[in-house]
2 protein chains.
Amino acid sequence: MTHFMRIGELASKTGISVEALRFYEKQGLLKTPHRSDAGYRLYDEKTLKQVSFILKAKAVGFSLKDIAGLLALEVNREQETCESVKNFAQSKLDEINAKLAELQRMKDALQQITDACCGSEKSAVHCTILTALSEDEGEPEHH
Amino acid sequence: MTHFMRIGELASKTGISVEALRFYEKQGLLKTPHRSDAGYRLYDEKTLKQVSFILKAKAVGFSLKDIAGLLALEVNREQETCESVKNFAQSKLDEINAKLAELQRMKDALQQITDACCGSEKSAVHCTILTALSEDEGEPEHH
DNA sequence: CTTGACCCTGAACCAGACGTCAGGGTTTAA
DNA sequence: TTAAACCCTGACGTCTGGTTCAGGGTCAAG
């Protein structure tokens with residue numbers, strides 16, 4: 001028993017604006033939904049998950065175009081080979097891994113200098129964080 | 001012995017455009033550099049590291065405004081307390097950790113469905129990747 | 001002493017990712 | 001049956017992060 005909702009409900013359930021949803025549709029991220037007699041968009045539960053996928057992908061730095069690429073695979077399933085789909089997914093995976101590595105490096109660097117900072121209420125003239133940032137952007141091993 | 005370089009050299013060494021460098025300066029990401037008699041910008045080695053910090057921060061999803069915030073701490077060092085600097089850094093660290101976790105979830109999900117895909121040269125009608133994306137956006141545990 | 005590579009400023013322009021507004025139907029609760 | 005709350009389309013506005021352009025100096029080599 002599938003429950004259909006209008007765009008406002010989808011918007012409030014996903015925490016995204018109605019305008020953004022219509023925009024995603026225009027960009028090909030959401031396929032054109034069913035319409036009520038009055039012309040209102042009607043969405044099913046699946047769309048909820050698709051939207052949350054889009055949001056997650058966005059949150060980790062993929063562009064709408066990237067996401068459209070991933071989702072587009074679904075559309076022309078019959079034209080695609082399993083191989084090409086897998087290759088595409090793998091290249092996205094490579095991108096994710098690159099971002100992960102970069103983030104991890106930043107984290108380590110920022111963590112190190114944060115740990116080394118005294119955190120006192122005194123003036124930050126000699127603050128190790130600032131020193132590290134301005135001199136070494138995050139690898140405070142010497143001097 | 002500090003070697004001063006002009007904007008073109010800084011650009012080629014950092015792999016960023018001259019225009020972008022001037023733009024960063026306008027946005028307060030790079031402090032106004034020394035000028036030659038002719039009015040040319042002159043940068044020292046430290047700037048090289050600052051730029052690479054900016055690039056790394058950008059690469060992991062921080063906006064120019066975020067980065068300006070971090071770098072701005074450097075400017076009014078004497079007005080800032082070590083405590084506030086550390087707090088700011090910690091909140092950035094929290095953001096990084098959140099991104100890291102989200103990326104890791106995406107990676108795991110994508111990795112799982114990619115591993116499960118046969119990768120054959122046949123039509124992708126029954127491709128597990130596409131099925132997973134359209135139904136469950138990446139967690140293929142049931143049915 | 002001029003040509004080519006480099007630098008300057010300011011303004012205009014651009015893509016991505018939406019938000020807003022005008023003008024107009026629809027649904028529903030009172 | 002009417003007001004509030006919702007929905008539609010299409011056009012235009014906005015912020016970010018730059019790039020391009022116009023008009024013009026500077027400097028080293030030939």
Side-chain angles (χ1 to χ4, degrees), chain A residues 3-44 47-48 50-72 92 95 99 102, chain B residues 3-44 47-48 50-72 95 99:
Chain A
H3 160 244
F4 286 96
M5 58 191 139
R6 293 182 307 188
I7 200 168
E9 190 176 346
L10 182 60
S12 65
K13 280 188 176 167
T14 56
I16 191 178
S17 77
V18 168
E19 293 75 24
L21 286 171
R22 285 197 283 246
F23 178 73
Y24 289 167
E25 185 183 328
K26 219 179 298 175
Q27 301 307 111
L29 294 184
L30 295 173
K31 57 184 175 188
T32 60
H34 302 127
R35 297 292 185 123
S36 74
D37 292 352
Y40 289 8
R41 288 169 178 79
L42 295 178
Y43 299 98
D44 56 14
T47 314
L48 218 47
Q50 282 171 19
V51 172
S52 92
F53 174 79
I54 292 171
L55 294 179
K56 286 179 193 173
K58 251 170 53 67
V60 296
F62 285 115
S63 71
L64 296 192
K65 198 167 283 180
D66 284 338
I67 302 169
L70 258 174
L71 296 174
K92 287 296 154 193
E95 285 177 37
K99 285 185 196 208
E102 195 63 53
Chain B
H3 160 245
F4 285 98
M5 57 191 140
R6 292 181 308 188
I7 200 169
E9 191 177 344
L10 182 60
S12 64
K13 279 188 176 164
T14 56
I16 191 179
S17 78
V18 167
E19 293 76 24
L21 285 171
R22 285 197 283 245
F23 179 73
Y24 289 166
E25 184 183 327
K26 218 179 299 177
Q27 301 307 113
L29 294 184
L30 294 173
K31 57 183 174 188
T32 60
H34 300 128
R35 296 294 183 121
S36 73
D37 291 352
Y40 290 7
R41 289 170 177 79
L42 295 179
Y43 300 98
D44 55 16
T47 314
L48 217 48
Q50 283 173 18
V51 172
S52 93
F53 174 78
I54 292 172
L55 294 180
K56 286 180 191 172
K58 252 169 53 67
V60 297
F62 287 116
S63 70
L64 297 192
K65 199 169 282 181
D66 284 337
I67 302 170
L70 256 176
L71 294 175
E95 285 177 37
K99 285 185 196 212

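Sequence lines set the chain letters: A, B, ... in the order given, protein chains first and strands last, and positions in each chain run from 1. As the structure is a prediction and not an experimental result, all values here were calculated from the model.
- Summarising the geometry of A:Tyr24 relative to A:Ile16, their closest heavy-atom pair is CE1-CD1, 3.2 Å, with the distance given to 0.1 Å.
- Remark: P of D:dG17 and CG of B:Leu55 are 13 Å apart, rounded to the nearest angstrom.
- Closest approach of B:Gly8 and B:Val18 over heavy atoms only: CA-CG2, 4.1 Å.
- Comparing atom distances between the B:Arg6 side chain and each of D:dG18, C:dC6, D:dT19 picks out C:dC6 as nearest.
- When all heavy atoms of B:Ile67 and B:Lys58 are compared, the closest pair comes out as CD1-N, 3.9 Å.
- Side-chain contact check for B:Arg35 versus B:Arg41: some heavy-atom pair is nearer than 4.5 Å.
- The phosphate of D:dA11 has neither OP1 nor OP2 within less than 4.0 Å of any side-chain N or O from A:Lys26.
- When all heavy atoms are compared, the tightest approach of B:Phe4 to B:His34 is CE2-ND1, 3.8 Å.
- Take the nearest nucleotide of DNA chain D for B:Gln27 and for A:Glu9: the residue whose nucleotide is more 5' is A:Glu9.
- Contact annotation: A:Ser17 side-chain N/O to C:dG19 OP1/OP2 distance is under 4.0 Å.
- Distance CG (A:Leu10) to C1' (D:dC7): 14 Å, rounded to an integer number of Å.
- Between A:Arg22 atom CZ and C:dT20 atom C1' the separation is 11 Å, expressed in whole Å.
- Candidate nucleotides C:dC18, D:dC7, D:dG17 were compared by shortest atom distance to the side chain of B:Phe23, and D:dG17 ranks first.
- Rounded to whole Å, the distance from CD1 on B:Ile54 to C1' on D:dG18 is 14 Å.
- Distances were taken from every side-chain heavy atom of B:Ile7 (C-beta onward) to each of C:dA17, C:dC7, C:dT20; the shortest belongs to C:dC7.
- B:His3 has its side chain out of reach of B:Asp44: every pair of non-hydrogen atoms, C-beta onward, lies at least 4.5 Å apart.
- If you measure from atom CD of A:Glu25 to atom P of D:dG10, you get 12 Å, rounded to the nearest angstrom.
- Between D:dC15 and B:Lys65, no contact under 4.0 Å exists linking OP1 or OP2 to a side-chain N or O.
- With rounding to whole Å, B:Met5 atom CE is found 12 Å from C:dC7 atom P.
- Following rounding to the nearest Å, B:Ile16 (CD1) and D:dT19 (P) show an atom-to-atom distance of 8 Å.
- One atom, CD of A:Glu19, and another, P of D:dC8, lie 10 Å apart when rounded to the nearest Å.
- Between A:Tyr24 and C:dA17 there is no side-chain polar atom (N or O) within less than 4.0 angstrom of OP1 or OP2.
- Contacts of residues 32-41 of chain A with DNA chain D (heavy atom under 4.0 Å): A:Arg35, A:Gly39, A:Tyr40, A:Arg41.
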